[in-house]
Amino acid sequence: MTAGTLSEPELRGAKRLAHTPLRPDGDAECPNVRITDLPLFLGRKVELRGWLVASRQARSMQFLQIRDRTGEVQVARRIDHESCASPSIEPESAIRVIGRVCEPRIAKFGKIEINADSISTLAPAIEKQANYDRDSFDPLRHRFLALRQRSQALIIEVQTTLLSSIRSFLLSHHFLEVHTPKITASGSESGSAVFELPYFGERAFLIQSPQFYMQMAMAGGLERVFEVGPAFRAEGAVTNRHATEFTSIDVEWSWVASHQEVMDLQEEMLCFALRDIDRLHGADIKTHFGVSVEIPADKILRLDYRAALELLNRSGLAIDRRLTHQSEQMLCRYAKEKTGCSFVYIENFPATDRPFYTMRSQDSEIPLGQAVTRSFDLFWRGAEISSGCQREHDHERLKRQMASDGFSPEIIQQYLEPYFLEMFLYGCPPHGGFGIGLDRFLMILFGCSSIEETSFVHRSSNRFVP
Ligand code: AMO
């Protein structure tokens with residue numbers, strides 16, 4: 001067992017927790033249960049709360065399809081039963097059912113059914129638009145309704161497992177969790193467009209990444225930190241992988257001697273989390289999204305940037321010596337053929353492609369602008385899911401790299417010196433780190449066609465409601 005991996009008893013405990021009834025109320029005679037737990041209550045009387053999906057009538061019976069966060073079940077009741085409430089309940093009404101758990105009369109409706117004694121409406125759906133099949137139903141506009149679907153709840157469950165696994169991995173590797181500010185005085189460090197906001201007579205910006213604050217933690221001697229928090233990009237372009245607000249997982253640590261060390265830890269952390277996701281949700285993901293959780297069996301393929309370009313050149317896909325989205329897809333297919341896994345690292349990007357804070361080759365013969373950087377991107381099934389590097393920690397070199405990246409002496413003096421550069425005048429240790437976009441990671445994991453589907457509420461240049 002490697003440090004940070006859950007032992008079998010721990011895993012069984014986590015599984016048990018995942019299946020502990022959410023609703024411990026109700027009495028022993030009639031426990032209040034979730035749909036997923038119904039098989040454990042076969043033959044017993046239970047109380048169930050959920051939403052009506054649909055109902056139909058057949059002779060003297062009425063059949064209601066009920067859904068809660070964990071699944072769907074059929075409820076049967078006799079129409080002439082005295083204690084039954086009015087049969088005309090609108091779909092999506094919140095209802096309560098009391099009845100006995102039994103095996104279904106017809107197997108096609110699942111392995112379990114409830115024979116209802118009583119059904120009551122807790123909150124009626126008054127709006128008849130509450131119908132997923134209607135053309136007017138927009139899952140982004142009616143987000144609260146879309147979230148009721150099992151597939152959506154599953155995304156949030158997997159996200160919870162992913163973050164809790166990452167947290168437990170990092171904690172076991174002595175990382176500290178930090179919460180950095182989201183309002184900042186300096187603009188973009190990497191060239192991404194930022195949101196500007198008025199700030200009591202001054203200009204402020206929403207952070208595009210917490211990286212500078214994570215680096216501040218390194219200068220401050222915290223040695224190993226991580227954060228899960230919002231990041232903002234004023235991206236005008238609408239692609240299926242970009243949001244203007246997303247959740248970023250950022251990890252930074254000290255005494256790093258190369259970017260490969262950063263990749264090693266990231267790879268171990270991601271494999272650890274993917275194994276947990278597969279064990280806890282693999283079957284559900286397969287059922288609802290038709291995909292298997294991909295866990296790299298061996299080391300993830302690492303390609304030097306120039307080698308990747310050569311490969312792409314041979315396929316006519318290297319455009320302007322840069323990686324395009326199409327070429328990223330091709331590189332993942334190549335990795336899949338070569339290693340059986342569609343993750344691939346591209347490392348050693350040229351300085352022209354990376355921000356000034358990235359450490360460049362230390363060869364004094366090579367002009368700064370032409371240097372190779374100690375950097376990497378991680379791609380999965382055709383999309384970039386992470387970037388990282390060893391950071392430059394030498395004050396003078398940083399200043400030169402800023403200048404070669406086009407920052408004017410005034411900007412360096414006014415913004416970068418007080419908010420960033422100063423940290424490197426006081427023995428800032430060598431360090432490195434990475435950022436992973438949570439929403440995009442989930443989009444790829446579930447094989448969704450857009451990040452809209454895996455963000456809790458999506459934000460893009462043309463959407464900021466609800
Ligand atoms: P970068 O800008 O590559 O690097 O972002 C890191 C990761 O964040 C995700 N991401 C996005 N997700 C959704 N919508 C967006 N608009 C968006 N932009 C980025 C991607 C990407 O790989 N500070 C550096 C990282 C570092 O070196 O630590 C950074 O932000 O998954």
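Counting starts at 1 for both ligands and their atoms, in listed order. Note that the structure is predicted; figures quoted are calculated from it, not measured.
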Please give me the minimum heavy-atom distance between Arg241 and Ala383, naming the atom from each residue.
CD-CB, 3.8 Å

Atoms of ligand 1 close to Glu235 [distance to a heavy atom under 4.0 angstrom, numbered from 1]:
16 (N)

Would you mind running through ligand 1 and noting each atom that sits below 4.0 Å from a heavy atom of Ser209?
23 (N), 30 (O)

Can you confirm whether the side chains of Gln152 and Arg143 place a donor and an acceptor under 3.5 Å from each other?
yes

Tell me every residue that passes side-chain hydrogen bond (donor to acceptor under 3.5 Å, both in side chains) with Thr247, counting only those two or more places apart in sequence or in another chain.
none

Could you tell me if Tyr357 and Gln211 have a donor-acceptor pair between their side chains, going purely by distance under 3.5 Å?
yes

Do any nitrogen or oxygen atoms of Gln208 come within less than 3.5 Å of a nitrogen or oxygen of ligand 1?
no

Among Phe434, Tyr345, Phe343, find the residue that satisfies the ring-ring contact (aromatic ring centres under 6.0 Å, His included) test when tested with Phe376.
Tyr345

With nothing but distance in play, are any N or O atoms of Glu252 less than 3.5 Å from an N or O of ligand 1?
no

Do Tyr419 and Phe212 have their ring centres less than 6.0 Å from each other?
no

Tell me if the OH atom of Tyr199 is crowded by more than 12 foreign heavy atoms within 6.0 Å.
no

Under 3.5 Å between any N/O of Ile436 and any N/O of ligand 1: does that happen in this structure?
no

Hey, is Ser248 one of the residues with a heavy atom under 4.0 angstrom from ligand 1?
no

Counting from 1, what ligand 1 atoms have a heavy atom of Gly435 closer than 4.0 Å?
6 (C), 7 (C), 25 (C), 26 (C), 28 (O)

With heavy atoms only and a cut-off of under 4.0 Å, state how Phe246 meets ligand 1: side chain, backbone, both or neither.
side chain

Would you mind telling me if ligand 1 is within reach of the side chain of Leu378, the backbone, both or neither, using heavy atoms under 4.0 Å?
neither

If you compare Arg354, Arg459, Arg233, Met443 by their heavy atoms, the one closest to atom 5 (O) of ligand 1 turns out to be Arg233

For ligand 1, which part of Ser387 has a heavy atom less than 4.0 Å away: the side chain, the backbone, both, or neither?
both

One finds that the ligand 1 atoms under 4.0 Å from a non-hydrogen atom of Ile385 are 22 (O), 31 (O)

I need the contact type for Met214 against ligand 1. Using non-hydrogen atoms and a strict under-4.0 Å cut-off, is it side chain, backbone, both or neither?
neither

Below 4.0 Å, non-hydrogen atoms only: which portion of His242 touches ligand 1? Side chain, backbone, both or neither.
both

Those residues at least two apart in sequence (or on a different chain) that pass side-chain hydrogen bond (donor to acceptor under 3.5 Å, both in side chains) with Arg167 are Glu177

Which of the ligand 1 atoms, numbered from 1, are nearer than 4.0 Å to a heavy atom of Arg241
13 (C), 14 (N)

Strictly by modelled atom types, are Lys182 and Thr180 linked by a side-chain donor-acceptor pair under 3.5 Å?
yes

Using a 4.0 Å cutoff against the non-hydrogen atoms of Ile451, which atoms of ligand 1 qualify?
13 (C)

Please name the pair of heavy atoms, one in Arg360 and one in Arg354, separated by the smallest distance, quoted to 0.1 Å.
NH2-O, 3.9 Å

